[in-house]
J.: 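Below is the structure I would like to discuss, written out as structure tokens.
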There are 2 protein chains.
Amino acid sequence: MDEVFKALADATRRQLLDRLYCENGQTLHALCEHLDMTRQAVAKHLAVLEAANLVVVVRSGREKLHYLNPVPIHEIYERWIGKYQQHHLAALSALKTSLEENRDHDDDDDG
Amino acid sequence: MDEVFKALADATRRQLLDRLYCENGQTLHALCEHLDMTRQAVAKHLAVLEAANLVVVVRSGREKLHYLNPVPIHEIYERWIGKYQQHHLAALSALKTSLEENRDHDDDDDG
DNA sequence: TTGACATGCAACCAAAAGGTTGCATGATGG
DNA sequence: CCATCATGCAACCTTTTGGTTGCATGTCAA
């Protein structure tokens with residue numbers, strides 16, 4: 001869980017996930033094309049993503065194909081984001097109720 | 001966006017949000033109670049959360065009350081998580097379809 | 001007023017993160 | 001075979017991060 005959050009904290013790594021989202025199963029070399037840093041730096045980022053299980057790799061000869069795994073993102077949503085999502089919706093709902101209350105007796109001025 | 005992801009990357013900060021989720025509008029002092037670090041360290045974490053707009057503060061005399069703001073979390077979901085969520089669901093859907101295809105003519109082996 | 005309390009600010013420090021260079025290994029293809 | 005290409009590994013460096021201590025400021029209440 002913590003590893004996933006930490007992995008997502010870096011813009012470069014989110015960019016890598018975005019690229020895999022567009023085109024799944026890319027090599028390290030291909031993923032380097034769009035990034036302004038050394039291959040080794042990108043490899044480190046991919047290692048972090050792999051450790052967080054956000055990326056799964058498959059060896060194929062001398063190439064290593066990287067695949068996006070959206071499951072941890074889903075889990076983060078289920079076990080963390082969703083809770084606050086509900087909070088957010090509850091707040092909106094409360095606001096709506098409050099507005100309706102005010103409409104019911106709309107002489108009520110909250111100044 | 002990046003600030004929000006970075007803010008969420010630290011376990012202590014997520015813990016702080018969780019505490020505010022349970023009981024909104026707490027002072028720095030109150031939030032320190034459950035954490036094994038100095039008040040100053042906690043204040044720094046709260047500053048990060050505030051910079052990311054995940055926490056909103058209201059001064060009240062010598063106290064500073066911290067309130068959870070779920071909006072950035074919602075935005076992250078809308079602008080980032082949701083996309084991968086759909087990907088996840090699409091994958092599940094594809095799997096389901098595939099299973100159904102196999103059931104329809106279950107001599108069909110895709111080995 | 002004054003002491004206690006809640007917070008703010010700054011210097012400092014160790015560890016982790018993000019990046020680099022250099023070299024090693026293993027597959028591919030002519 | 002052997003040059004080339006894709007990757008792996010390790011040492012090293014700088015900046016950021018997470019934490020500390022020490023002291024300053026402002027507010028409440030007796």
Side-chain angles (χ1 to χ4, degrees), chain A residues 1-20 22-69 72 76 80, chain B residues 1-20 23-69 72 76:
Chain A
M1 185 81 156
D2 189 58
E3 276 186 319
V4 180
F5 272 114
K6 282 215 161 55
L8 293 178
D10 186 90
T12 302
R13 287 194 289 267
R14 290 199 303 277
Q15 216 173 314
L16 284 168
L17 292 179
D18 278 340
R19 294 221 69 82
L20 289 180
C22 293
E23 187 184 338
N24 214 0
Q26 295 190 58
T27 67
L28 167 60
H29 203 77
L31 289 166
C32 283
E33 294 294 302
H34 313 275
L35 294 172
D36 190 24
M37 63 182 69
T38 61
R39 173 182 55 81
Q40 286 86 341
V42 178
K44 280 194 188 180
H45 282 302
L46 287 171
V48 172
L49 291 170
E50 201 181 328
N53 200 32
L54 283 160
V55 158
V56 174
V57 299
V58 175
R59 297 238 40 149
S60 151
R62 65 177 165 182
E63 291 186 333
K64 189 176 171 183
L65 301 176
H66 298 76
Y67 292 88
L68 172 63
N69 178 23
I76 275 194
W80 216 84
Chain B
M1 186 82 155
D2 189 58
E3 276 186 316
V4 181
F5 272 113
K6 283 213 159 58
L8 293 179
D10 186 90
T12 303
R13 288 194 286 268
R14 290 198 303 277
Q15 217 174 315
L16 284 168
L17 293 180
D18 278 339
R19 294 223 67 83
L20 290 179
E23 187 183 340
N24 214 358
Q26 294 190 57
T27 66
L28 167 60
H29 203 77
L31 289 166
C32 282
E33 294 294 303
H34 312 275
L35 293 172
D36 190 24
M37 62 183 70
T38 61
R39 174 181 54 81
Q40 286 87 339
V42 177
K44 279 195 188 178
H45 283 302
L46 287 171
V48 172
L49 291 171
E50 202 182 327
N53 200 31
L54 283 160
V55 158
V56 174
V57 299
V58 175
R59 297 241 35 154
S60 151
R62 66 178 164 181
E63 291 187 333
K64 190 176 172 183
L65 299 177
H66 298 76
Y67 292 88
L68 172 63
N69 178 24
I76 276 194

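Throughout, protein chains are lettered first and strands after them, A, B, ... in sequence-line order, and every chain is numbered starting at 1. Just so you know, these numbers use all the heavy atoms, side chains as well, and skip hydrogens, waters and symmetry mates.
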J.: Using heavy atoms and a sub-4.0 Å distance, could you list which residues of residues 27-46 of chain B are near DNA chain D? By number, please.
T.: B/Met37, B/Thr38, B/Gln40, B/Ala41, B/Lys44, B/His45
J.: Counting neighbours of NE2 on B/His29 that are heavy atoms of other residues, nucleotides or ligands and sit closer than 6.0 Å, is the number greater than 12?
T.: no
J.: Would you mind writing out the side-chain donor-acceptor pairs for residues 37-52 of chain B within the sub-3.5 Å range, not counting sequence neighbours?
T.:
| unit_1 | atom_1 | unit_2 | atom_2 | d |
| --- | --- | --- | --- | --- |
| B/Thr38 | OG1 | B/Ala41 | N | 3.3 |
| B/His45 | ND1 | B/Arg13 | NH1 | 3.1 |

J.: Mind calculating the distance between CG (B/Asp2) and C1' (C/dA17) to the nearest angstrom?
T.: 14 Å
J.: B/Leu49 has an atom CG; how far is it from atom P of D/dT17, in whole Å?
T.: 14 Å
J.: Report the distance from atom CG of B/Leu8 to atom P of D/dG18, rounded to the nearest whole Å.
T.: 12 Å
J.: Between the protein and nucleotides 26-30 of chain D, are there any N/O to N/O pairs under 3.5 Å, and if so, what are the atom names and distances?
T.:
| unit_1 | atom_1 | unit_2 | atom_2 | d |
| --- | --- | --- | --- | --- |
| D/dT27 | O2 | B/Arg62 | NH1 | 3.4 |

J.: Give a yes/no on whether any side-chain N or O of A/Lys64 is located under 4.0 angstrom from OP1 or OP2 of D/dG8.
T.: yes
J.: Check for a donor-acceptor pair, side chain of B/Gln15 on one end and backbone N or O of B/Leu35 on the other, with a separation under 3.5 Å.
T.: no
J.: Where each residue is assigned the nucleotide of DNA chain D containing its nearest heavy atom, which of B/Lys6 and A/Leu65 is assigned the position nearer the 5′ end?
T.: A/Leu65
J.: Please check if atom CZ in A/Arg14 has more than 12 non-hydrogen atoms from other residues, nucleotides or ligands closer than 6.0 Å.
T.: yes
J.: Hey, does B/Cys32 have a side-chain heavy atom less than 4.5 Å from the side chain of B/Leu28?
T.: yes
